[in-house]
Amino acid sequence: MNGQGAPPYVEVAVPLGVRRTFTYRLPLAIGNAAQVGARVRVTFGKQQVTGYIVALHDELDRALEVDAREVREIEELIDAEPLITPEILELTRWISDYYLAPWGEVLKAALPAGANARIERVLAITTEGRDELARLPERRALTLKAQLLRMLAEQGPMTVRQAQRTLGTARVARILAELERAGWISIKHQAQNAAARAKRRKFVRLAPIEEHAAPDAARALTAAQTRVIEALIAADGELPFTELTERARASASTIATLERKGIVKIEAREVRRDPLAGVELPPLPDIELNRAQREALDQITAALDQRRYAAFLLHGITGSGKTEIYIRAMRACLEHGRSALMLVPEIALTPVFSRRLRAHFGDRVAILHSSLSAGERFDEWMRIRRAEARVVIGTRSALFAPVQDLGLIVVDEEHDTSYRQQESPFYHARDAAVMRAHKERATIILGSATPSLESFHNAQTGKYRYIHLPERVGGRPLAQAEVIDMRAVFARRGREEALSDELLEALEETLARREQAIILLNRRGYANFILCRACGERIGCPQCDVTLTYHKRERALLCHYCNFRRRPPARCPMCQSQHLHLVGEGTEKIEDLLQAHFPRARTARLDRDTTARRRAYEQTIMRFAAHEIDILVGTQMIAKGHDFPKVTLVGVVSVDAGLALPDFRAAERTFQLITQVAGRAGRGDRRGRVLIQTYHPEHYAIRFACAQDYANFYRHEIEYRKAFGYPPFFALASLLIQDDDLGRAVKRAEKLRRALDRANRDHNCRLLGPAPAPIARLRGQHRIQILAKARRRASLRSLIDLALAETDDLDRVSVEIDPLHLM
DNA sequence: AGCACGCCGACT
DNA sequence: GTCGGCGTGCTC
């Protein structure tokens, strides 16, 4: 221990593919300022990285297995106040352990993008450098080295990045080492918090009258200047700079002139970037809860009162009023003086809900999601960190919001797949949220109209408390679903058509009644692929094992995996034949077909192609809600959320493609999709119709989805999975090897497989499938999947741990353990 | 992730 | 004879 009593050693997690922490020594200059949860800059190997202090040590004890000589010093303490709270530190430690992810990477993912410090090299000229500069003859002053030295001498120290901006990237890189070796410049590493600054904004206000410079100032005003002053007076004397220029139709120089005259003052002030600024808040209806809702809420608030961990699965059909329960539970949580966190799959889909939260909780709401700018996100994050915001709504990564005194977590649409992070660090936000609630003695509500099988299973086994809301608010009837057997349609017509007579007739009726319809087809583009009738060639992606989808409006063939794009050929690339045939249909074609059938109806399309533009999704939804659109065609994104009272017809064009996917959850996904979209119909007074076109009317996922019969679907799905040995009776791990070289991919897979076999001797796990073989090529990467299952998750995890320790290939293998057996 | 160390093929 | 391929192992 040193004199101040500060532990001289710190344990640091680095955000790299290493699954251990490392011990560093605190230099005297930092002394006892270092705290757990602070970021540090350390030399790791040869590189400079941002690490995170995860523990302090008084001495190097033997358990650390480090030689004092090997311990390096911390280079820089980035935070005087730790950014990472003890709760988040503990949560990330658990995630790192549970999902076999490097702790440092999890910590990095837990901080808002703007707060992850970049390490920059800072250049400064030395005394020798100045001497050299003075010695340089004038005619040589234009060499690159001289330019850099002069710049540093005149402008002071700057980052390599800044120097490169002026002098060129490659050119600067070439001379740096040489200048340093000559001793003319110094290069120091420094952590830069660039993006994480508070936003400053310029405001203009009228100066008090006695400060006006000249008594005749008013006479000298130009027309533009007068407009500026009038605008300011109208706004009670103050406006943001940019808003003033707009309102007064004045330029910045006009305002500058007024400032010189002393008539206005310009000042920069810190402002909060508010993602909800300027939105209209909806009036708050005073909704009376029905009996089922009241009972559900009572159970939840009772758990909140106890301040102990409690988990609920809230299984409420669409329209049963789950949202109202969330809001009341949050309110109850706030009344206890605690904070609430709500996770949603995709915040763009909940603009209405975000506003409602704001209307309820005002400034105490913070919003976190990926399309916020780094600055906005950082501001919201800091408001949470400082406990100014006590209600947080956000997508997957909001799980890590540094919420103080967490009392309630709500995971809406808990079955949604976007809670699963698909890249390192791999984790499932819903399950990690359950763990967070557990650790922080909070109540958690998992809500869905179509619970995931694993959550329902957990509710059945008593791990979660089950609350069922089987009825719609106000006793409105559920839509009645009808299956249309497309084989019969084909037999009748003798040719293939995307839209059945039944669906066309139903559309006709709906339009005649001036009501609205939703048509779902979970495939974008115009045609599935292009087939050569002469030689059978299907035009595929050069990078992936899939066919290219034809997009008519863009006149392009697109790969939906890697976004590869090419122009549709006039002739077959293989045999030069002109007999190219468009096979299958996507949303684009359905839209065309509908326009042809119903030329007077107003149709619109909603899929990833039409919503690439920011806010396009919201605009279309608003137009549909205002009945400016009669028929809305779209992919699964139209199946979520939103009340459209005038929608009385939902058509599902083809659900069969989803059933054929090589995914053991294919039936579950199809069931969920149909159920979700069926919930869109008949929310008003009229009972809605749902027409489902399929070539497999006997499939249980379709049958039970039409009957809105979750319990029976669940039983069948369990049987099915049992037969294949899939969850929920087993924990399933998927190890994905990806490599751009096929031979290498196979080699690595074989090696990993051998390691698993060896490690498995006493683990009671079963490796599924034959010897490793490539399953697909996507984005140029050959993929090989190894599946392992076990009765207990823990044994599966330790097996993988052992195998990976043996191959040390973890950073190049993605591990996904089916998140079933939690805790 | 980077980077060094080390052991086998095609070249000045 | 050497340059360079990437397999393997390590980073406090």
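Per chain, numbering begins at 1; letters A, B, ... match sequence-line order.
When atom types are taken as modelled, the side chain of Ser96(A) and the backbone of Ala101(A) share a donor-acceptor pair closer than 3.5 angstrom. In this structure a side-chain-to-backbone donor-acceptor pair under 3.5 Å is present from Thr126(A) to Gly183(A). With Glu346(A) contributing its side chain and Val344(A) its backbone, the two residues share no donor-acceptor pair below 3.5 Å. Using a distance-only test at 3.5 Å, with no hydrogens or angles considered, no donor-acceptor pair links the side chain of Glu414(A) to the main chain of Val411(A).
Contacts of Tyr24(A) with the nucleic acid, taken as non-hydrogen atoms under 4.0 Å apart, involve only primed sugar atoms and P, OP1 or OP2. Residue contacts shown for Thr21(A) are absent, as no nucleic acid heavy atom lies under 4.0 Å away.
Distance CG (Leu16(A)) to P (dT11(C)): 14 Å, rounded to an integer number of Å. Rounded to whole angstrom, the span from the CZ atom of Arg25(A) across to the C1' atom of dC12(C) amounts to 10 Å. Arg20(A) places its CZ atom 10 Å from the P atom of dC10(C), with the value rounded to the nearest Å. In this structure, the CD atom of Glu75(A) is 14 Å from the C1' atom of dT11(C), given to the nearest Å. In this structure, Glu105(A) places its CD atom 14 Å from C1' of dG2(B), rounding to the nearest Å. Following rounding to the nearest Å, Arg19(A) (CZ) and dC12(C) (P) show an atom-to-atom distance of 19 Å. Remark: P of dC12(C) and NE2 of His57(A) are 16 Å apart, rounded to the nearest angstrom. At whole-Å resolution of the value, CD1 in Ile53(A) and P in dC12(C) are 16 Å apart.
For residues 11-37 of chain A, the ring-ring contact (aromatic ring centres under 6.0 Å, His included) pairs, not counting sequence neighbours, are Phe22(A)-Phe44(A).
No option in Leu107(A), Leu77(A), Asp79(A) other than Asp79(A) meets the side chain to side chain contact (heavy atoms under 4.5 Å, CB included) test with Arg39(A).
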Atom pairs under 3.5 Å: protein N/O with N/O of nucleotides 3-6 of chain B:
from: dA4(B); atom 1: OP1; to: Lys46(A); atom 2: NZ; distance (Å): 3.1

